[in-house]
Amino acid sequence: QVQLVESGGGLVQAGGSLRLSCAASGGVFSKSAMAWYRQAPGKQREFVATITSLGSTNYADSVKGRFTISRDNAKNTVYLQMNSLKPEDTAVYYCNFRSTYWGKGTLVTVSS
């Protein structure tokens with residue numbers, strides 16, 4: 001069984017920061033790619049960032065320079081550091097494991 005538990009979402013003012021965490025269990029975390037996606041109200045789910053088992057990263061153009069994805073294999077956890085947040089970043093953020101499994105999401109609301 002694979003379980004992903006996101007945390008760290010909340011309400012923040014524009015320009016502020018949040019750090020999301022996703023704790024994984026039931027899989028070989030250290031050999032798996034991890035990713036973050038988000039879904040804003042009325043929109044389709046979109047890619048945010050990914051990190052491979054070797055540590056290579058990729059970001060959506062909309063978050064480059066502001067968000068950083070990282071992982072701690074000892075803790076089976078992937079993080080998303082979000083800086084300079086904008087109202088358009090408001091969404092439910094989902095953790096993705098092996099391009100197949102999803103967490104339940106954590107809500108990020110950025111106020112102006």
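Keep in mind the model is a prediction, meaning the values are calculated, not measured. Numbers here simply count residues along the sequence, with the first being 1.
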| query | With a 4.0 Å cut-off, would you call Lys86 and Asp89 a salt bridge? | reply | no

| message | Is there a path of hydrophobic side-chain contacts, each under 4.5 Å between heavy atoms, that joins Tyr37 and Val78? | response | no

| note | dist Arg38:CZ -> Glu46:CD (nearest 0.5 Å) comes out at 4.5 Å

| Would Glu6 and Lys104 pass as an ion pair if we require N to O under 4.0 Å? | no

| task | Check whether Met82 and Val92 end up in the same hydrophobic cluster, where Ile, Leu, Val, Met, Phe, Trp and Tyr are linked by side-chain heavy atoms less than 4.5 Å apart. | result | no

| message | Give me the atom names and distance for the closest heavy-atom approach of Ser32 to Ser53. | response | N-CB, 3.9 Å

| request: Taking all heavy atoms of Ala49 and all of Tyr59, pick out the closest pair and write down the distance. | output: CB-CD2, 3.6 Å

| remark: Value for SG (Cys95) from CD (Gln3), rounded to nearest 0.5 Å, stands at 12.5 Å

| message | In terms of relative ring orientation, are Tyr94 and Trp102 parallel, tilted or perpendicular, with 30° and 60° separating the classes? | response | perpendicular

| Taking all atoms of both residues into account, what is the closest heavy-atom pair of Pro41 and Thr90, and its distance? | CD-O, 4.2 Å

| task | Considering non-hydrogen atoms only, spot the tightest contact between Ser17 and Asn83 and give its length. | result | OG-OD1, 2.9 Å

| task | Output the distance between atom CZ (Arg71) and atom CG (Leu80), rounded to the nearest 0.5 Å. | result | 14.0 Å

| Same cluster (ILVMFWY, side-chain, under 4.5 Å), Ile51 and Leu18 | yes

| request: Quick one: pull up CZ in Phe67 and OG1 in Thr57 and give me the separation to the nearest 0.5 Å. | output: 14.0 Å

| request: Please indicate whether Tyr101 has more than 12 foreign heavy atoms, meaning atoms of other residues, nucleotides or ligands, lying under 6.0 Å from its OH. | output: no

| query | Taking a hydrophobic cluster as the set of Ile, Leu, Val, Met, Phe, Trp and Tyr residues connected by side-chain heavy atoms closer than 4.5 Å, whether directly or through intermediates, do Phe97 and Tyr93 fall within one such cluster? | reply | yes

| Quick one: CZ on Phe29 to CE on Met34, what's the gap to the nearest 0.5 Å? | 5.0 Å

| request: Find out whether Thr100 and Val2 are in side-chain contact, i.e. whether some heavy atom of one side chain is under 4.5 Å from a heavy atom of the other. | output: no

| query | Rounded to the nearest 0.5 Å, how far does CG of Asp72 lie from OG of Ser30? | reply | 11.5 Å

| message | Applying a strict under-4.5 Å side-chain criterion to I, L, V, M, F, W and Y, I'd like to know whether Leu20 and Ile69 cluster together. | response | yes

